[in-house]
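I have placed the structure first, in the form of structure tokens, so that the comments after it can refer back to it.
Counting convention: from 1, in listed order, for ligands and their atoms alike.
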Amino acid sequence: MSTEIADSSVPPPTESHSVLSRRTFIATTTAAGGAVVTGGLVAGPSAFGAEPETAAVAPPSNRVSLTVNGAQRTVEIDNRTSLLDLLRERLGLTGSKKGCNAGACGACTVLVDGRRVNACLTLAVGLEGAEVTTIEGLAPSDGGELHPLQRAFVEQDAFQCGFCTSGQIMSGVGCIQEGHTGSPAEIREWMSGNICRCGCYVKIVRAVEQAAHGK
Ligand code: FES
Ligand code: FES
């Protein structure tokens with residue numbers, strides 16, 4: 001013999017309660033214009049096999065004017081564009097390298113208004129009126145004198161594959177301008193955001209020392 005245990009906290013369904021629920025459901029679905037409401041998403045006829053109707057929405061863009069290596073540049077860019085992509089993809093300045101694209105390696109280091117930044121983490125749209133210097137802007141493009149730190153890198157043989165080198169040099173220029181070259185340990189500390197997979201650190205530090213102090 002089975003025994004039914006009633007849960008007294010739940011009122012038994014009444015005719016008016018169930019009629020109200022059906023009415024609420026019908027009102028909801030018809031208000032959605034025949035659409036089916038599923039888990040917060042409103043699906044139209046596509047739920048029954050047709051292609052979803054999606055309106056193409058252009059990403060927000062803006063015009064930005066900045067100075068790059070002494071030249072005035074004005075570009076219309078997607079607001080999500082990084083400074084690194086602007087330099088490499090739009091302005092053809094491929095000296096700045098995309099290593100990690102996440103702020104972890106320093107291969108993309110450039111100077112913005114004299115301060116070193118990771119170009120991969122910097123939104124270009126925020127650089128209206130800024131002055132950007134890349135590795136291409138350190139030495140004159142007509143084959144003239146190298147920057148003292150570029151010369152020091154060559155003389156100290158401070159690279160192997162060279163992938164990190166432009167970032168190392170731009171960071172080294174910043175490090176020297178900031179005055180963080182009092183000792184090899186200080187240089188290492190202030191250049192620690194620049195990774196060299198080839199392990200040329202000893203020679204990189206020597207190159208920065210040489211350019212800073214003529215050693
Ligand atoms: Fe920008 Fe690595 S590419 S930090
Ligand atoms: Fe190869 Fe630095 S020289 S990563």
Side-chain angles (χ1 to χ4, degrees), residues 59 61-62 64 66-69 73 75 77-139 146-178 180-181 183-213 215:
S61 64
N62 260 295
V64 61
L66 65 171
T67 305
V68 181
N69 298 333
R73 311 298 293 257
V75 278
I77 49 168
D78 180 327
N79 287 357
R80 300 164 296 180
T81 307
S82 70
L83 173 58
L84 183 59
D85 283 341
L86 171 64
L87 293 170
R88 291 180 55 85
E89 313 297 337
R90 299 290 301 277
L91 303 182
L93 296 169
T94 54
S96 307
K97 299 295 183 245
K98 187 180 277 188
C100 63
N101 205 26
C105 74
C108 62
T109 306
V110 299
L111 301 181
V112 174
D113 294 330
R115 293 165 59 96
R116 42 190 172 154
V117 302
N118 287 332
C120 69
L121 292 186
T122 305
L123 283 177
V125 74
L127 296 179
E128 178 67 31
E131 201 152 314
V132 178
T133 306
T134 71
I135 189 73
E136 290 92 341
L138 271 196
L146 289 177
H147 184 280
L149 187 54
Q150 289 175 306
R151 217 170 38 242
F153 263 69
V154 173
E155 290 170 8
Q156 295 291 343
D157 194 21
F159 46 83
Q160 282 185 32
C161 77
F163 191 82
C164 73
T165 307
S166 57
Q168 299 280 4
I169 290 176
M170 296 312 295
S171 190
V173 169
C175 184
I176 293 169
Q177 285 174 359
E178 295 156 18
H180 297 305
T181 58
S183 66
E186 189 180 10
I187 294 171
R188 272 197 296 277
E189 175 67 22
W190 287 88
M191 294 283 292
S192 60
N194 290 78
I195 307 301
C196 176
R197 294 296 295 268
C198 299
C200 300
Y201 296 111
V202 172
K203 292 176 175 180
I204 290 170
V205 170
R206 279 195 204 133
V208 174
E209 266 191 303
Q210 176 181 323
H213 307 297
K215 288 183 182 174

Identify which protein N/O/S atoms are less than 2.8 Å from atom 1 (Fe) of ligand 2. C161 SG, C198 SG
Honestly, for A104 the part within reach of ligand 1 (heavy atoms, under 4.0 Å) is backbone
Quick check: does any side chain N or O of D157 sit under 3.5 Å from a backbone N or O of K203, one acting as donor and the other as acceptor? no
Spacing of H147 atom NE2 and F153 atom CZ [to the nearest 0.5 Å]: 11.0 Å
Please confirm whether the backbone N or O of E189 pairs with a side-chain atom of H180, one donor and one acceptor, at under 3.5 Å? no
To the nearest 10 degrees, could you say what angle atom 2 (Fe) of ligand 1 makes with SG of C100 and SG of C105? 110°
Any side-chain to backbone donor/acceptor pair from E136 onto G95? Under 3.5 Å, distance only. yes
Can you name the atoms of ligand 1, numbered from 1 with element, that are less than 4.0 Å from a heavy atom of N101? 2 (Fe), 3 (S)
Look only at the side chain of D113 and the backbone of A130, and say whether a donor-acceptor pair between them is shorter than 3.5 Å. no
Which of the atoms of ligand 1 are close to C120, meaning less than 4.0 Å from one of its heavy atoms? 1 (Fe), 3 (S), 4 (S)
I'd like to check which ligand 1 atoms, numbered from 1 as shown, lie under 4.0 Å from a non-hydrogen atom of G103. 4 (S)
Determine yes or no for a side-chain-to-main-chain donor-acceptor pair under 3.5 angstrom, with D78 supplying the side chain and R80 the backbone. yes
CD1 of I176 to CE of M191: how many Å apart, nearest 0.5 Å? 8.5 Å
Mark yes or no for whether N79, through its side chain, and P59, through its backbone, hold a donor-acceptor pair below 3.5 Å. no
For C108, atoms of ligand 1 separated by under 4.0 Å from a heavy atom: 1 (Fe), 3 (S), 4 (S)
Is the side chain of R88 donor-acceptor paired with the backbone N or O of T94 at a distance under 3.5 Å, no angle test? yes
